[in-house]
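The structure appears below as structure tokens.
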There are 2 protein chains.
Amino acid sequence: MAVTLADVAARAGVSAATVSRVLSGNYPVAGATRSRVLRAVEELEYVVNGPASALAAATSDLVGVLVNDIADPFFGIMASAVQSEMGPEKAGGKLAVVCNTGGSPQRELTYLTLLQRQRAAAVVLTGSAVEDPEHTAALATRLRRLAAAGTRVVLCGRPPLPEADGEGADGPGTAAPGAPDSTADAPLTVAFDNRGGARRLTGHLLSLGHRRVGYVAGPAERTTTRHRLEGHRSALADHAPELLADVERLTVHGAYDRSSGYDGALELLRREPGLTAVLAANDTVALGVCAALRDRGLRIPEDVSVAGFDDLPFSADAAPALTTVRIPLHEAGARAGRLALGRESAPPGCVATVRTELMARASTAPPRAGGAN
Amino acid sequence: MAVTLADVAARAGVSAATVSRVLSGNYPVAGATRSRVLRAVEELEYVVNGPASALAAATSDLVGVLVNDIADPFFGIMASAVQSEMGPEKAGGKLAVVCNTGGSPQRELTYLTLLQRQRAAAVVLTGSAVEDPEHTAALATRLRRLAAAGTRVVLCGRPPLPEADGEGADGPGTAAPGAPDSTADAPLTVAFDNRGGARRLTGHLLSLGHRRVGYVAGPAERTTTRHRLEGHRSALADHAPELLADVERLTVHGAYDRSSGYDGALELLRREPGLTAVLAANDTVALGVCAALRDRGLRIPEDVSVAGFDDLPFSADAAPALTTVRIPLHEAGARAGRLALGRESAPPGCVATVRTELMARASTAPPRAGGAN
DNA sequence: CTGTTAGCGCTTTCAG
DNA sequence: CTGAAAGCGCTAACAG
């Protein structure tokens, strides 16, 4: 039905092998022959059969990109950046297979299997990881298999997998002597400095004079949630240790979405009407927090300061402009893309941590004199 | 190296054919045999070789989704919706290949070829089309080839391709007699009612009393841009025909991004300092417009009303909340996904138009008494 | 530089 | 219900 290599070969009066060589361009072919082949390709409107060549060559030009939800700009930006490194004009000409896991560990595993089935050239896992030990183990196994099958694995925006404790060896130093680096073939990682960013953000609030600070955190079992909370607490410990006692009470958990921010803010207000600042799990949550505060008749930042995290494009244009922590998502995604394609060498220790930056804007200000509403 | 069907067959003591049948599940196999095979699959950690089965079966489980830029929530939401209809748990278990065209016609064609090479099961083209006749023709050809190769083609958020005029036949009625419907195998289309939405939006502004209305439009050669402008003009013609003379002067074109909104608003202000309202090409552009107006010391909506288009998630949370036209992007994307998978029958005439809805919010209000600033 | 020859791993008639 | 056999279309040694 469809036109094949053989058809082109016949038409150009050469062998199939020659056509293949012209098309892949990785082998010397006489100029005249080449143009004869190319003409035949044109005339026949020949299009290579991807599956056939993938089978024969044992490689595919698919790269998997796992995201929570591609509709969320946080993931959209990273996915876009990953792709920017592998379009048809860039070296590679690879195609990105975007998989929405919806944050479900099960779907994450399923998609990895599907990608292994496609013999994907690489897989990039973006966003926070779920910290369930069972899932972590299953994930590590899947990733190991993928790597064994020749798929390059890159983590972007999540920490490296915890060291599998193997045969029960405990602690460092027990690695087989002579093995120079046990992480040599660990998945490459582009991690975010969530802890540091959160620390600086809370520090900013404290230095403005806030002492009643609520936190609308993300889902409890996520690495990102944990790291941001740790940064928050570490800042409290440094600058206002007396507040640590209250931190549990002033922290609520929810999803990384607007309505969690809305509900979370209301809950915090219930627990502590004297709140002067609210930290949100991310910018989207912050928007929900702002909406709830406004609905309660509170002004931002005069009555309550609000801060987000991520610095998504809309944050700078919010009114008031949102104080947040910038993560260079595009830069990180692009780097992950390059690592996935082997176009950039592995960072030391296989982990690159990208800096985060405090963006102090108009949504945070000193608390009103008196501190409470 | 990798474990193959044959390995599984050997281990289960059956033929490769049987294993294949068990795995694809589309053929009767004895219960006992089946479980023996399944056990072998488990034990060997067998994962089907996608390219091989795609080659043999002449079908792949890849679906292409072409977007301008997946980092833009407008496209992210549609892409997400398309996928929501074909995840592993839904019928299909298809994988979405997301292709960022960056709005370039050339890249669009290139990606279509790449997807044809993959023998994609379907392709969904989202967002506005470029109206260059040459490109339209090239695109139509590509799509016809894809369709001929068995790939289902769906347009989402763009109008159906203009009827190819074939051998120069002009006008309707010249279709070959007996051909019941020339659009029978035209690409399925989920179109947006951009014209109607724009008409209602401009009508809203006019009914508030605005007479100095600027328009920061999208790129000139895009269908979406043209349709929204047409709706705008049609509303003027209906309610304030005297303003039509000025519409050219009060329209500027730019990209669909924030900075175009910013620059466009400044330019409009230069041309018409007495502006009382600005319509933006979309919500993102509107954000830029708002920023520019604020930088000029103008209040929204007291001094100038602003409206967007699309109703992206952040729009309702902007301050003031943005008046805009809601497009049910998720619903549209989901429908496109179902059409792509053949899980929904073709709409009449192969074109489904989704309604758009005026969302009148706080960013628009009557102009100040006197009309000018 | 070019042709020949084997498969890559799976699906699918066609016979049992 | 199961097996045998014949490819699907391309690539990659290996010879010329």
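Note on naming: letters A, B, ... go to the chains in the order of the sequence lines (proteins, then strands), and numbering restarts at 1 for each one. Below, each value reflects all heavy atoms present in this structure, side chains not excepted, and no hydrogens, waters or symmetry copies.
Residues B:V351 and B:P159 have side chains not in contact (no heavy-atom distance under 4.5 Å, counting atoms from C-beta outward).
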Return a table of donor-acceptor pairs under 3.5 angstrom between the side chains of residues 9-23 of chain A and protein atoms on other chains or two or more places apart.
residue, atom, partner, partner atom, Å
A:R11, NE, A:E43, OE1, 2.8
A:R11, NH2, A:E43, OE1, 2.7
A:S15, OG, A:A17, N, 3.4
A:S15, OG, A:T18, N, 3.4
A:S15, OG, A:T18, OG1, 3.3

Would you be so kind as to tabulate the donor-acceptor pairs closer than 3.5 Å made by side chains of residues 118-129 of chain A, with sequence neighbours excluded?
residue, atom, partner, partner atom, Å
A:Q118, NE2, B:D61, OD1, 2.9
A:R119, NH1, A:Q116, O, 2.9
A:R119, NH1, B:V48, O, 3.3
A:R119, NH2, B:V47, O, 3.4
A:T126, OG1, A:L66, O, 2.7
A:S128, OG, A:R222, NE, 3.4

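Judged as a side-chain hydrogen bond (donor to acceptor under 3.5 Å, both in side chains), and not counting sequence neighbours, A:T59 has no contacts. Among residues two or more places apart in sequence or in another chain, the side-chain hydrogen bond (donor to acceptor under 3.5 Å, both in side chains) test is passed with A:T141 by none. Every residue two or more places apart in sequence or in another chain was checked for a side-chain hydrogen bond (donor to acceptor under 3.5 Å, both in side chains) with B:R117, and none qualifies.
Side-chain proximity of B:T33 to D:dT2, C:dT11, D:dT11: nearest is D:dT2. Each of D:dG9, D:dG3, C:dG3 was ranked by its minimum atom distance to the side chain of B:S15; first place goes to D:dG3. The side chain of B:A56 lies closest to C:dT11 when the candidates are D:dG9, D:dT2, C:dT11. Side chain of A:A57, nearest nucleotide from D:dA12, C:dT2, C:dG9: D:dA12.
Of all the residues in residues 17-28 of chain A, A:A17, A:S20, A:R21 reach under 4.0 Å from DNA chain D with at least one non-hydrogen atom.
In this structure, CZ of A:R119 is placed 11 Å from C1' of C:dC8, rounded to the nearest angstrom. The CG atom of B:L55 sits 9 Å away from the C1' atom of D:dG7 (whole-angstrom rounding). In this structure, A:R117 places its CZ atom 14 Å from C1' of C:dT11, rounding to the nearest Å. Between the P atom of C:dC8 and the CG atom of A:N49 lies a distance of 18 Å, rounded to the nearest Å.
Of the two residues contacting DNA chain C, namely A:V14 and B:V47, the nearest-nucleotide position lying further toward the 5' end is that of A:V14.
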